[in-house]
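Read through the structure below, which is laid out as structure tokens, and then see the notes.
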Amino acid sequence: MIRILIADDHPIFRNGLKDILVSKMSNAIIDDVEDGQLAWEYLNKNRVDVAVLDVDMPNMDGLEVCKRVKESALQTKVVILTMYKDMEIFNSAMDNGASGFLLKDHSGLDLVECIDAVMSGNSYLGKGLEDRMLAHNDYKDRKKQLSDDLKALTSAELKTLKLVEKNLTSKEIADKLFVTQKTVENYRSRICKKLNIPAGNNALIRWVMDNKDILKQV
């Protein structure tokens, strides 16, 4: 027998998934919860083979639950099931060890196929999501290169860069770092040189916006 947990805050959708899995998987014990916090508590108290997690849930989102499963080295396979198609969510799911990724407009039979795949030790992407994995591989390459490049920055320069990412002005950054505005301008200039950012008005801000998804993780 395998144990499956479904976590989704919409009862009709959650119960529909449960009915499909019960009808198609006679060897499964299926439980369900309505938010991420309850999902995390359940996973800590029970041996669960597969956790099917919605992203947008009260108290704790599915991506945070996925991250905690990875950090705690639980043996649970995580499948992210979401209505969101943006790459930031996909990248976060993959970075945090999700074994499967499905959109909610995929059929319930796709979920059955997904669970079979991850239980066999394979990863699974819903139909039409193959391009997401190619884009994710490019993202991983960019992330590694950026992480290497950021090692050239001093602690003060890295703090400055993080504050630029929050859209703070040089004066606001200076106030937070307890330095002069001129010092911050020097930091910004050195950051651009070390990261090979072309000179020009707002060049650093544009670079930060282009790499915002990665900067959040470094």
Is there a donor-acceptor contact under 3.5 Å from the side chain of [X] to the main chain of [Y]?
X: S170; Y: V184; answer: no
X: K127; Y: D110; answer: no
X: D49; Y: R3; answer: yes
X: N46; Y: V48; answer: no
X: K70; Y: G97; answer: no
X: S147; Y: K143; answer: yes

Next item on the list: Could you tell me whether K176 and E172 make a salt bridge, using a distance below 4.0 angstrom between a side-chain N and a carboxylate O?
Entry: no
Notebook entry, point to check: Does K144 pair with D148 as a salt bridge, N-O distance under 4.0 Å?
Noted result: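 Yes, K144 and D148 are salt-bridged.
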Would you say [atom1] of [X] has more than 12 non-hydrogen atoms from neighbouring residues, nucleotides or ligands within 6.0 angstrom?
X: M83; atom1: CE; answer: no
X: Q75; atom1: CD; answer: no
X: K67; atom1: NZ; answer: no
X: K104; atom1: NZ; answer: yes
X: E88; atom1: CD; answer: no

Between [X] and [Y], what is the shortest heavy-atom contact and its length?
X: E165; Y: M209; result: O-CE, 4.1 Å
X: A98; Y: C66; result: N-SG, 3.8 Å
X: D9; Y: P58; result: CB-CD, 3.6 Å
X: N59; Y: Q37; result: CB-CB, 3.8 Å
X: V118; Y: G100; result: CG1-N, 4.3 Å
X: A203; Y: P198; result: CB-O, 3.1 Å

Should [X] and [Y] count as side-chain neighbours, where that means a heavy-atom distance under 4.5 Å?
X: T82; Y: L53; result: no
X: D32; Y: D8; result: no
X: L63; Y: N96; result: no
X: I6; Y: F13; result: no
X: L81; Y: L17; result: yes
X: D31; Y: L5; result: yes
X: V33; Y: E41; result: no
X: R188; Y: I205; result: yes

From [atom1] ([X]) to [atom2] ([Y]), nearest 0.5 Å:
X: D54; Y: Y84; atom1: CG; atom2: OH; result: 8.0 Å
X: D175; Y: T180; atom1: CG; atom2: OG1; result: 10.5 Å
X: L153; Y: L150; atom1: CG; atom2: CG; result: 5.5 Å
X: R190; Y: T160; atom1: CZ; atom2: OG1; result: 9.0 Å
X: L109; Y: C114; atom1: CG; atom2: SG; result: 12.5 Å
X: N44; Y: S72; atom1: CG; atom2: OG; result: 6.0 Å

Does [X] belong to the same Ile/Leu/Val/Met/Phe/Trp/Tyr cluster as [Y], with side-chain heavy atoms less than 4.5 Å apart forming each link?
X: M94; Y: V69; answer: yes
X: V78; Y: V52; answer: no
X: W40; Y: V55; answer: yes
X: I173; Y: L195; answer: yes
X: L103; Y: V79; answer: no

Checklist line | Summary of ring-ring contact (aromatic ring centres under 6.0 Å, His included) pairs that have at least one residue in residues 92-131, sequence neighbours excluded | finding: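 Non-adjacent pairs meeting ring-ring contact (aromatic ring centres under 6.0 Å, His included): F90-F101.
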Next item on the list: Could you please spell out the steps behind the side chain to side chain contact (heavy atoms under 4.5 Å, CB included) verdict for L102 and E113?
Entry: CA-CA 11 Å; L102 290 168; E113 186 176 312; over 6 Å; no
Next item on the list: Give the intermediate values and the outcome of side chain to side chain contact (heavy atoms under 4.5 Å, CB included) for residues L163 and L177.
Entry: CA-CA 10 Å; L163 293 172; L177 297 182; 4.1 Å; yes
Notebook entry, point to check: Stepwise, does the side chain to side chain contact (heavy atoms under 4.5 Å, CB included) test hold for V164 with I191?
Noted result: CA-CA 11 Å; V164 171; I191 290 169; over 6 Å; no
Item checked: Audit row: V65, Y42, side chain to side chain contact (heavy atoms under 4.5 Å, CB included) steps and yes/no -> CA-CA 11 Å; V65 178; Y42 187 97; over 6 Å; no
Check residues 20-30 and write down every donor-acceptor pair under 3.5 Å in which the side-chain atom is one partner and the other belongs to a residue at least two apart or another chain.
residue	atom	partner	partner atom	Å
S23	OG	D19	O	3.3
S23	OG	I20	O	2.8

